[in-house]
Amino acid sequence: MIHLTAETHILIAIAPVDFRQGMDGLAALCRYTLAANPRSGSVFVFINRNKTKVRALSYDGSGFWLMTKRLSKGKFVHWPGSKQKIEPFIAKQLRQLLLNCDPMWQKHDLI
């Protein structure tokens with residue numbers, strides 16, 4: 001089971017991805033496109049092109065977890081934009097993002 005704490009390492013993929021990929025496709029995207037180890041224990045968070053779904057991928061030591069959230073209406077309007085491929089987030093920010101609230105008001109917590 002995934003338990004988010006203040007110590008959880010969370011990485012948000014900025015660019016939308018094709019959700020037809022499963023665990024293996026997203027793990028390969030982590031390794032080759034984002035230059036990150038998908039088995040590091042980090043939680044990798046992705047968004048689809050329509051910004052209606054979010055997927056989180058994490059490795060717990062014995063296997064991968066893949067979680068999906070689909071909004072019943074609307075879009076994720078506060079998805080971060082950056083020139084970077086990935087952005088670090090803290091658990092509070094991820095919770096806000098998944099509630100479709102602006103997570104950047106807590107950006108100072110990262111400094």
Side-chain angles (χ1 to χ4, degrees):
M1 178 131 87
I2 304 292
H3 184 68
L4 294 179
T5 67
E7 291 79 33
T8 304
H9 191 236
I10 302 167
L11 295 170
I12 305 292
I14 302 301
V17 300
D18 184 350
F19 275 12
R20 292 177 291 184
Q21 308 179 69
M23 286 182 202
D24 295 331
L26 291 175
L29 190 137
C30 290
R31 184 172 303 282
Y32 300 112
T33 303
L34 304 178
N37 180 0
R39 293 183 179 215
S40 66
S42 297
V43 177
F44 295 91
V45 185
F46 306 92
I47 194 160
N48 70 340
R49 294 189 199 288
N50 292 332
K51 295 191 176 187
T52 56
K53 295 180 192 174
V54 170
R55 284 204 170 152
L57 178 75
S58 184
Y59 187 78
D60 69 3
S62 65
F64 281 102
W65 283 88
L66 182 62
M67 296 141 291
T68 302
K69 177 169 183 173
R70 181 185 69 197
L71 293 176
S72 53
K73 60 174 148 173
K75 296 181 181 226
F76 286 98
V77 295
H78 299 289
W79 196 259
S82 173
K83 292 182 181 180
Q84 305 294 325
K85 291 182 180 183
I86 53 178
E87 283 285 324
F89 262 43
I90 59 174
K92 288 180 188 178
Q93 289 177 298
L94 179 57
R95 284 188 199 99
Q96 291 295 313
L97 187 67
L98 293 175
L99 290 171
N100 209 15
C101 299
D102 187 358
M104 291 303 125
W105 67 272
Q106 294 182 2
K107 190 69 170 176
H108 68 276
D109 289 348
L110 292 174
I111 300 172

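For clarity, every value in this text was computed on a predicted model and none was experimentally measured. The analysis underlying the following values was restricted to heavy atoms, covering all of them including side chains, and did not include hydrogens, waters or symmetry mates.
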Q: For Trp79 and Ile14, indicate whether the former's side chain and the latter's backbone hold a donor-acceptor pair under 3.5 Å.
A: yes

Q. If only atom types and distance count, is the side chain of Arg39 paired as donor or acceptor with the main-chain N or O of Phe64 below 3.5 Å?
A. no

**Q.** Residue pair Leu29, Val17: steps toward the side chain to side chain contact (heavy atoms under 4.5 Å, CB included) verdict
**A.** CA-CA 9 Å; Leu29 190 137; Val17 300; 3.7 Å; yes

Q) Between Asp60 and Ser62, is any side-chain donor less than 3.5 angstrom from a side-chain acceptor? A) yes

Q) Think Arg55 forms a cation-pi with Phe46, using NZ or CZ under 6.0 Å from the six-ring centre and within 45 degrees of its axis? A) no

(Q) Please report the interatomic distance CD1(Ile10) to CD(Glu87), rounded to the nearest 0.5 Å. (A) 13.0 Å

Q.
For the CZ atom of Phe44 and the CG atom of Leu66, what is their distance to the nearest 0.5 Å?
A. 13.0 Å

Q. What are the two closest heavy atoms between Ser42 and His9, and how far apart are they?
A. OG-ND1, 2.6 Å

Q: Determine yes or no for a side-chain-to-main-chain donor-acceptor pair under 3.5 angstrom, with Lys53 supplying the side chain and Thr68 the backbone.
A: no

**Q.** Pairs satisfying salt bridge (Lys or Arg N to Asp or Glu O under 4.0 Å), at least one member in residues 5-29, at least two apart
**A.** Asp18-Arg20

Q. Which atoms form the tightest heavy-atom contact between Ala91 and Leu4, and what is the distance?
A. CB-CB, 4.1 Å

Q | Intermediate values then yes/no, side chain to side chain contact (heavy atoms under 4.5 Å, CB included), Leu57 and Cys30 | A | CA-CA 9 Å; Leu57 178 75; Cys30 290; 4.2 Å; yes

Q. Which heavy-atom pair separates Gln21 from Gly25 by the least distance, and what is that distance?
A. OE1-O, 3.1 Å

Q. Any idea which heavy atoms bring Pro80 and Leu97 closest together, and the distance?
A. CD-CD1, 4.3 Å

Q. Okay, side chain of Asn100, backbone of Val77: is any donor-acceptor separation there less than 3.5 Å?
A. yes

Q: With sequence neighbours excluded, tell me which residues meet side-chain hydrogen bond (donor to acceptor under 3.5 Å, both in side chains) with Thr8.
A: Thr5

**Q.** For the student: nearest non-hydrogen atoms of Ala36 and Pro38, plus distance
**A.** O-CD, 3.2 Å

Q: Rounded to the nearest 0.5 Å, what's the gap from CD1 on Ile12 to CD on Gln84? Could you check?
A: 14.0 Å

Q) Taking all non-hydrogen atoms of both residues, which atom of Leu34 and which atom of Ala13 are closest, and how far apart? A) CD1-CB, 4.2 Å

Q) With sequence neighbours excluded, what pairs up with Arg70 under the salt bridge (Lys or Arg N to Asp or Glu O under 4.0 Å) test? A) none

**Q.** Chi angles and distances behind the side chain to side chain contact (heavy atoms under 4.5 Å, CB included) call for Leu98, Val54
**A.** CA-CA 8 Å; Leu98 293 175; Val54 170; 3.8 Å; yes

(Q) Are Phe76 and Ile47 packed together at the side-chain level, in the sense that at least one heavy-atom pair is separated by less than 4.5 angstrom? (A) yes

